[in-house]
*Asks:* 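Supplied in structure tokens, the structure appears directly below.
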Amino acid sequence: MRFSGLRVLKEGLTGNKGWKPHWRDPEPKAEYDILVIGGGGHGLATAYYLAKEHGLTNVAVLEKGYIGGGNVGRNTTIVRANYFLQGNSEFYSHSLKLWEGLEEDLNYNVMHSQRGIINLFHSDGQRDARARQGNMMLSQGDDAILLGRDELRGMLPYLDFDNARFPIYGGLYHPRGGTARHDAVAWGFARGADQRGVDLLQNCEVTGIDIENGKVKGVQTSRGPIRAKKVAMVVAGRSSQVAAMAGMTLPIESHILQAFVTEGLKPVIDNVVTFGMGHFYISQSDKGGLVFGGDLDFYASYAARGNLPTAEHVMEAGMALMPMIGKAKMLRSWGGIMDMSPDGSPIIDRTHIDGLYLNCGWNYGGFKAVPGSGNVFAHLIATDRYHENATRYQLDRFRTGRGIIDEESKGSQHNLH
Ligand SMILES: Cc1cc2nc3c(=O)[nH]c(=O)nc-3n(C[C@H](O)[C@H](O)[C@H](O)COP(=O)(O)OP(=O)(O)OC[C@H]3O[C@@H](n4cnc5c(N)ncnc54)[C@H](O)[C@@H]3O)c2cc1C
């Protein structure tokens, strides 16, 4: 089934009765070439690119819940390529380019909106740091514009520029950054993978990983054992638990990150705005809700919900930055489980077990990485070579000390901010 304007019009006029389920609901086979554990954004994108770019279609995605029920459907949808360090900058640049062709590639409207991201700064030192970041972005081939206070006031008149504690000096503008509809990204990749023959197995929890003589042989699941030549672990916040099934201890801590949305309002916030000093960022969804969030709750947990002190902190920061937000009514809040790595950068690597691969450590920025991560991870699984844009994400960097200490340089220790 392909989408087209004509089809949407026809279905709209005939009660939308002709749409079919986007993907099949197959029974698990006894054996696959490749098993992808985790039906989040990264797992689905990995399966999609395995099929599309490497012709590997004897593949299953094993998801313990339902497609899109994890962080891929819980994030605040920001997509960007504004990293500072080599290792990250070429990877996120690669991912953003994939985003720019994604809707056409998937034939699916993921509502990718390049509305621009503005990172505010509040001191001369911060301006210097943002200028250096912008120069790195430009040298990587991405876009960055350093805005002064007056230019910014014209763009974002609703901000409190004269806040006594954090007066706004300007912002680093990344015009190609923006947002995308998170569930649609999961659905689009799921549909694309299914169309190419990948089995999407929902309600299929992996409970064990079978290893013989240092080689992976398959997995145990809530729907029975499944054999495979290769197994990829792509389970974000549950990475430590699943890797433990293979006897591995990961340098990952799972923490909660909350998000909030207000009632629908008329268009008021055109871009994504981040207020790092206050741990607050915001955008407006196409439905009109103001979508915003802050920093982690400061304890490790597998509960997909947050605590009230963090909610209060986020609200205070929002009020300090844009007092007008106090008039909006809060509608909902929720939490997701973040896989925090010590240097704040991800892990995309083989493991010491033959045929077992690992993708995790997305901290609180893995949504924008979905196409890039799936693309480079599929390359690694298919060819056993690192993709040219993901050569620095090895697991052993925490042993050798060659970390990529970029924007999340405090890793899980966010109280060091
Ligand atoms: C509130 C919030 C805001 C965020 N905002 C942003 C943002 O603006 N921009 C951005 O880039 N990133 C953002 N993120 C981060 C981003 O959402 C995550 O980094 C990313 O979604 C993680 O990858 P994933 O999509 O594959 O994870 P998930 O969707 O969590 O996928 C992992 C899947 O593995 C499954 N699984 C776990 N254990 C097993 C098992 N044993 N067997 C089978 N399946 C299993 C889970 O059920 C889950 O579906 C945010 C996250 C949160 C929570």
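Order of listing sets the numbers, starting from 1, for every ligand and every atom in it.
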*Asks:* With a 3.5 Å distance limit and no angle check, can you tell me whether Asn75 reaches the backbone of Val72 through a side-chain donor-acceptor pair?
*Replies:* yes

*Asks:* Nearest protein heavy-atom contact for atom 43 (C) of ligand 1: which residue, which atom, what distance?
*Replies:* Lys64 N, 3.3 Å

*Asks:* Between Trp23 and Phe189, is the ring centre distance below 6.0 Å?
*Replies:*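 Not under 6.0 Å, so no.
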
*Asks:* Determine, using ring centers only, whether Trp187 and His22 are less than 6.0 Å apart.
*Replies:* no

*Asks:* Hey, are Thr46 and Asn359 close enough side-chain-wise for a donor-acceptor pair under 3.5 Å?
*Replies:*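 Note: Asn359 and Thr46 side chains miss the donor-acceptor criterion.
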
*Asks:* Would a distance-only check, ignoring hydrogens and angles, find a side-chain to backbone donor-acceptor pair under 3.5 Å from Asn363 to Gly361?
*Replies:*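 Between the backbone of Gly361 and the side chain of Asn363 there is a qualifying donor-acceptor contact (under 3.5 Å).
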
*Asks:* Are any of the side-chain nitrogens in Arg24 or Asp199 under 4.0 Å away from the carboxylate oxygens of its partner?
*Replies:*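 Yes, Arg24 and Asp199 are salt-bridged.
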
*Asks:* Do you know the tightest heavy-atom contact between Asn109 and Ala184?
*Replies:*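 Taking Asn109 first and Ala184 second, the nearest heavy atoms are O-CB, 3.7 Å.
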
*Asks:* Using a 4.0 Å heavy-atom cut-off, say whether Gln241 meets ligand 1 through its side chain, its backbone, both or neither.
*Replies:*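 Neither; no heavy atom under 4.0 Å.
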
*Asks:* For atom 25 (O) of ligand 1, which protein heavy atom lies nearest, and how many Å away is it?
*Replies:* Gly41 N, 2.9 Å

*Asks:* Tell me which part of Cys204 gets within contact of ligand 1: side chain, backbone, both or neither, using heavy atoms under 4.0 Å.
*Replies:*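 Backbone only.
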
*Asks:* Nearest protein heavy-atom contact for atom 9 (N) of ligand 1: which residue, which atom, what distance?
*Replies:*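 Here the closest protein heavy atom is Ile78 O, 3.0 Å.
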
*Asks:* How far is atom 5 (N) of ligand 1 from the closest protein heavy atom, and which atom is that?
*Replies:* Thr76 OG1, 2.8 Å

*Asks:* Which part of His42 is near ligand 1, with near meaning a heavy atom under 4.0 Å away: side chain, backbone, both or neither?
*Replies:* both

*Asks:* Just which atoms of ligand 1 are under 4.0 Å from any heavy atom in Trp362?
*Replies:* 19 (O)

*Asks:* Could you tell me whether Met338 and ligand 1 have an N or O pair separated by under 3.5 Å?
*Replies:*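 Not met; the criterion fails.
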
*Asks:* Run the contact test for Gly69 against ligand 1 with a 4.0 Å cut-off on heavy atoms, strictly below, and give the result.
*Replies:*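 It does not, in that no heavy atom of Gly69 comes within the 4.0 Å cut-off of ligand 1.
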
*Asks:* With backbone taken as N, CA, C and O and side chain as the heavy atoms from C-beta onward, which portion of Leu62 lies under 4.0 Å from ligand 1: side chain, backbone, both, or neither?
*Replies:* backbone

*Asks:* Quick check: does any side chain N or O of Glu316 sit under 3.5 Å from a backbone N or O of His313, one acting as donor and the other as acceptor?
*Replies:*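 Pair absent, no side-chain N/O of Glu316 close to backbone of His313.
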
*Asks:* Give me the nearest non-hydrogen protein atom to atom 36 (N) of ligand 1 as residue plus atom name, then the distance to 0.1 Å.
*Replies:*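 Ranking protein heavy atoms by distance from atom 36 (N) of ligand 1, first comes Val235 CG1, 3.7 Å.
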
*Asks:* Between Arg223 and Gln202, what is the shortest heavy-atom contact and its length?
*Replies:* NH1-O, 2.9 Å

*Asks:* Given Val72, Val206, Asn75, Ile209, which one has a non-hydrogen atom that is nearest to atom 40 (C) of ligand 1?
*Replies:*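 Residue with the shortest heavy-atom distance to the ligand atom: Val206.
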
*Asks:* Indicate yes or no: does an N/O atom of Gln258 lie under 3.5 Å from an N/O atom of ligand 1?
*Replies:*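 In fact, backbone or side chain, Gln258 has no N or O that close.
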
*Asks:* Does an N or O from Asp339, backbone or side chain, lie closer than 3.5 Å to an N or O of ligand 1?
*Replies:* no

*Asks:* Can you tell me which portion of Thr77 lies within the under-4.0 Å heavy-atom range of ligand 1? Options are side chain, backbone, both, or neither.
*Replies:* backbone

*Asks:* Anything under 30° is parallel, anything over 60° is perpendicular, the rest tilted; go ahead and classify Trp362 against His42.
*Replies:*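 It falls in the tilted class, 30° to 60°.
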
*Asks:* Which heavy atom in Phe292 sits nearest to a heavy atom in Thr262, and how many Å separate them?
*Replies:*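 Scanning both residues completely, I find the closest heavy atoms to be CE2-CG2, 3.7 Å.
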
*Asks:* What protein heavy atom sits nearest atom 12 (N) of ligand 1, and how far away is it?
*Replies:*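 Atom 12 (N) of ligand 1 sits closest to the protein heavy atom Phe367 N, 3.0 Å.
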
*Asks:* With a 4.0 Å cut-off, would you call Arg80 and Asp142 a salt bridge?
*Replies:* no

*Asks:* Return the residue, atom name and 0.1 Å-rounded distance of the protein heavy atom closest to atom 27 (O) of ligand 1.
*Replies:*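 The protein heavy atom lying closest is Ala236 CB, 3.3 Å.
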
*Asks:* Within 45° of the ring axis of Tyr386 and under 6.0 Å from its six-membered ring centre, is that where the NZ or CZ of Arg350 lies?
*Replies:*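 Here Arg350 passes the 6.0 Å and 45° test against Tyr386.
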
*Asks:* When you measure from atom 35 (C) of ligand 1 to every protein heavy atom, which one gives the shortest distance, and what is it?
*Replies:* Glu63 OE1, 3.3 Å

*Asks:* N/O to N/O below 3.5 Å, does that happen between Gly365 and ligand 1?
*Replies:*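 N/O-N/O distance under 3.5 Å: yes.
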
*Asks:* Examine Asn71 against ligand 1 and note whether any of their N/O atoms are separated by less than 3.5 Å.
*Replies:* yes

*Asks:* So which bit of Tyr364 gets within less than 4.0 Å of ligand 1, heavy atoms only: side chain, backbone, both or neither?
*Replies:*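 Backbone only.
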
*Asks:* Do the two ring centres, one from His122 and one from Phe275, sit under 6.0 Å apart?
*Replies:*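 Yes, close enough.
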
*Asks:* I'd like to check whether Lys368 has a polar contact with ligand 1, where a contact means an N/O of the residue lying under 3.5 Å from an N/O of the ligand.
*Replies:*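 Checking ligand 1 against Lys368, an N or O pair does fall under 3.5 Å apart.
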
*Asks:* Do any N/O atoms on Val242 end up under 3.5 angstrom from N/O atoms on ligand 1?
*Replies:*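 Between Val242 and ligand 1, no N or O pair is found under 3.5 Å apart.
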
